[in-house]
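We use all heavy atoms of the structure for the numbers below, so side chains are in, but hydrogens, waters and symmetry mates are not.
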Amino acid sequence: MAKWLTLAFNLPLYQNFTYKNIEETSESLVGKRASVQLGSRNLIGFIIEESDVFPKESPVGEDKIKPIKRVVDKEKIFGQAQIELASWISHFYICSFGEALSAILPSGKREVSFENLKWGSELEDKTFTLSDEQKTAVEKIVNSNKKELFYLYGLTGSGKTEVFLRAAEKIIAEGKAVIYLVPEIGLTHQVISAAVKRFGTQAAVLHSGLTGSERLNQWMRIRRGEALMIVGARSAVFAPAEKIGLIIIDEEHDASYKSGSVPRYHARQTAMYLASKHNCPVVMGSATPSLEAWNMIQNKKITLLSLSKRLAGGSLPQIEIENISGLKGALSERLISEIRKTKNEGKQTILFLNRRGFSHIFRCRSCGYEMLCKNCSVPMTFHKAENVMKCHYCGMQARPPSLCPECNSLDIGYAGVGTEFIEEEVSRAFPDCTVARVDTDTVSKKNSLENRLKDFREGRIDILLGTQMIAKGLNFPKVRLVGIILADTGLQMPDFRAAERSFALITQAAGRAGRFSQDGLVIIQTLKPNHPSIVCAKNHEYEKFYEYELGQRKLLDFPPFKRLIRLVFRSKDLKKAELAAEGAVNILKYILSSQNKNPDSLTQDEAEIMGPSECVLSMIAGNHRQQVLLRSSNFPLIQNAASRFVKEYKPMTGIYIEVDTDPLNLM
């Protein structure tokens with residue numbers, strides 16, 4: 001047995017630690033977890049190396065080394081492939097190796113079987129005849145025996161899922177694994193159903209809806225080679241399959257592929273790294289590609305595979321823009337009459353609004369006071385069912401005031417609308433219709449989302465209303481009408497991706513209508529009827545929108561033409577946050593100038609430091625937030641600078657630094 005073990009921990013520490021091995025075993029312990037004492041804490045660490053020789057780099061002598069307490073795992077849960085992947089994530093996304101490895105691995109201590117893999121019985125077992133376009137796409141994907149990037153670009157309902165599944169069948173028949181990523185847990189259920197129908201016990205699922213023990217069970221099935229069809233949300237990209245033959249990224253444009261916590265990895269970038277290691281293709285798919293992907297298609301770095309027809313007999317829906325300036329209430333007369341017509345025809349309606357709660361903000365009409373969260377710099381949202389004001393960032397709750405806290409005026413009210421408000425208005429207008437709401441407030445219980453979607457699919461619900469959860473990927477045969485209540489919600493965000501996100505959401509939401517019929521109708525209610533993202537979505541002018549938006553980004557020097565790294569400094573003390581951000585700018589200027597190959601040229605020609613400035617959301621959960629942005633077309637330059645800064649800078653107490661490589665939003 002090896003005498004010395006090297007362990008990594010899920011901590012922001014850029015070093016690993018040596019422990020003494022007390023296990024009486026001849027087998028290697030690398031790949032298992034161990035319970036140990038680190039300082040005064042009892043922690044679980046990952047055994048990443050073992051040696052008979054005491055490590056030379058150890059900062060303390062042999063006599064100071066503590067023994068491990070016990071080994072947690074009977075079977076290895078990770079191997080060299082996961083260690084290499086964690087090393088890449090740590091370098092690329094600038095976090096500690098232990099934080100990267102922890103994000104990859106399941107947290108469960110023991111395996112528990114995951115019964116929900118019996119899903120799938122609700123689907124009809126149809127065999128589809130592929131169209132010529134679908135056949136061509138499948139052949140190109142499966143005949144690519146090297147790292148190659150494909151984009152399956154087709155309008156909603158054009159049969160992208162069937163192409164993915166047929167390609168997966170052929171790859172799995174060769175004994176290789178397929179990772180199939182979907183953005184939302186709601187979509188995962190639909191894809192799992194299809195996957196289990198085709199692949200039976202060879203299917204495995206990984207997503208955040210599983211308990212740690214269920215996740216460990218699925219992880220070990222993949223690791224042992226029992227499951228070759230791996231379906232899941234973002235983190236399923238880490239699945240420990242030995243031979244990966246294909247990675248599929250469905251709805252590639254979706255922001256949920258980017259992690260919001262350390263490490264802030266993007267599943268698309270991670271998939272591309274894995275494809276180069278396994279020498280296999282990546283196929284992405286969407287009706288609304290991300291601007292980054294579209295730019296790569298234009299530059300021939302991604303091979304385009306197009307699907308141009310809706311295969312279930314449906315045609316593209318008719319889309320109408322309705323200017324709702326001056327509208328009282330949330331639903332226009334036109335939308336109300338079409339909902340009634342849809343009900344009379346025995347069909348269904350989806351109403352989409354990207355905002356939870358009853359109404360947006362509490363406002364005093366006398367003095368203009370708005371009720372903001374005490375911990376965050378955002379308005380609180382009224383939830384009528386519970387009669388509380390809620391902050392959607394930190395979760396703080398407060399009772400709604402009966403008069404203005406500033407001027408004691410009784411002339412108070414609520415501005416804006418949320419899904420709860422719409423639900424009440426719709427229920428009043430259509431007492432004979434069954435109405436169901438889908439947002440994070442109503443589907444927090446296990447299986448509640450899939451049960452509600454199943455009821456809608458089987459016709460027990462007439463009107464489904466919700467947030468972006470219902471805007472993409474889902475397939476409901478009887479939906480005739482989609483109403484987008486307030487299309488400008490996303491456009492009001494002070495973020496350079498606002499137009500791209502709005503265009504994608506409108507297009508995806510509209511894509512739920514008329515998938516199996518010729519009479520699909522979409523009504524877009526908006527205060528900005530002439531905005532390019534709304535006009536282009538209405539006219540199905542996808543390429544025109546991408547051309548317009550790429551022109552805007554090039555003009556502003558934003559992605560995909562320049563790369564960004566964002567540093568956020570947060571502290572309970574505003575002055576400390578400001579000082580930390582100011583100090584960071586000076587240090588980064590020094591690092592960049594020392595990295596510059598040509599001292600006569602200005603560093604700023606290659607890399608620009610933007611800030612320090614207050615974040616748009618200047619306070620979250622009682623923490624003041626300041627940001628610094630690094631921008632350059634020379635990515636290694638700013639990556640090395642940010643990495644050096646984070647690893648060498650010792651912040652004052654009470655300061656926490658967040659690093660975001662290629663941020664998806666700057667809020």
Side chains of [X] and [Y]: closer than 4.5 Å at any heavy-atom pair?
X: E648; Y: I587; answer: no
X: M229; Y: V196; answer: no
X: W4; Y: K20; answer: yes
X: L43; Y: L7; answer: no
X: D660; Y: K258; answer: yes
X: L664; Y: Y257; answer: no
X: L630; Y: F645; answer: no
X: S235; Y: R215; answer: yes

For [Y], does its backbone N or O pair with a side-chain atom of [X] as donor and acceptor, under 3.5 Å?
X: Q202; Y: L228; value: no
X: K647; Y: I94; value: no
X: Q37; Y: G39; value: yes
X: D250; Y: V182; value: no
X: E252; Y: S290; value: yes
X: E50; Y: L29; value: yes
X: T6; Y: T18; value: no
X: S96; Y: L11; value: yes

What is the distance from atom [atom1] of [X] to atom [atom2] of [Y], rounded to the nearest 0.5 Å?
X: K3; Y: I22; atom1: NZ; atom2: CD1; answer: 13.5 Å
X: Q627; Y: R570; atom1: CD; atom2: CZ; answer: 14.0 Å
X: H624; Y: I655; atom1: NE2; atom2: CD1; answer: 10.5 Å
X: S286; Y: Y151; atom1: OG; atom2: OH; answer: 4.0 Å
X: N279; Y: I244; atom1: CG; atom2: CD1; answer: 12.0 Å
X: R625; Y: F569; atom1: CZ; atom2: CZ; answer: 12.5 Å

Applying side chain to side chain contact (heavy atoms under 4.5 Å, CB included) between F238 and each of L105, I230, I89, L206, report the one that passes. I89
Given I247, which partner from the list T270, V283, L274 fulfils the side chain to side chain contact (heavy atoms under 4.5 Å, CB included) test? L274
Might you confirm whether atom [atom1] of [X] has over 12 heavy atoms from other residues, nucleotides or ligands at distances under 6.0 Å?
X: K69; atom1: NZ; result: yes
X: Y590; atom1: OH; result: no
X: E242; atom1: CD; result: no
X: K170; atom1: NZ; result: no

Tell me, with the steps shown, if K147 and V282 meet side chain to side chain contact (heavy atoms under 4.5 Å, CB included). CA-CA 7 Å; K147 182 208 168 183; V282 174; over 6 Å; no
Do S256 and D254 pair up side chain to side chain, a donor and an acceptor below 3.5 Å, judged on atom types alone? yes
Checking T201 against E226: is there a side-chain donor and acceptor pair closer than 3.5 Å? no
Y93 and its side-chain hydrogen bond (donor to acceptor under 3.5 Å, both in side chains) partner, picked from R264, H266, Q269, Q639: Q269
Run through R497, R268, R563 and flag the one making a salt bridge (Lys or Arg N to Asp or Glu O under 4.0 Å) with D662. R563
Testing R223, R110, K32, R224 one by one against E75 for a salt bridge (Lys or Arg N to Asp or Glu O under 4.0 Å), which residue passes? R224
Shortest non-hydrogen contact from [X] to [Y]?
X: K572; Y: A621; answer: NZ-O, 3.2 Å
X: I47; Y: A34; answer: CD1-CB, 3.9 Å
X: P663; Y: L666; answer: CG-CD2, 3.8 Å
X: A2; Y: D52; answer: CA-OD1, 3.2 Å
X: S594; Y: R644; answer: OG-NH1, 3.6 Å
X: A504; Y: H253; answer: CB-CD2, 3.9 Å

Might you work through the side chain to side chain contact (heavy atoms under 4.5 Å, CB included) test for F78 and I48, ending with a clear yes or no? CA-CA 9 Å; F78 64 94; I48 57 170; 4.3 Å; yes
Can you confirm whether or not the ring centre of Y265 sits under 6.0 Å from the ring centre of Y273? no
Mind telling me whether F92 and F635 have parallel, tilted or perpendicular rings, with 30° and 60° as the class edges? tilted
For side chain to side chain contact (heavy atoms under 4.5 Å, CB included), just list the numbers for V36 and F17, CA-CA rounded to whole Å, side-chain angles, deciding distance to a tenth of an Å, and then say yes or no. CA-CA 11 Å; V36 301; F17 296 83; over 6 Å; no
M272 and M284: side chain to side chain contact (heavy atoms under 4.5 Å, CB included), yes or no, with the steps? CA-CA 11 Å; M272 289 177 181; M284 297 163 265; 4.0 Å; yes
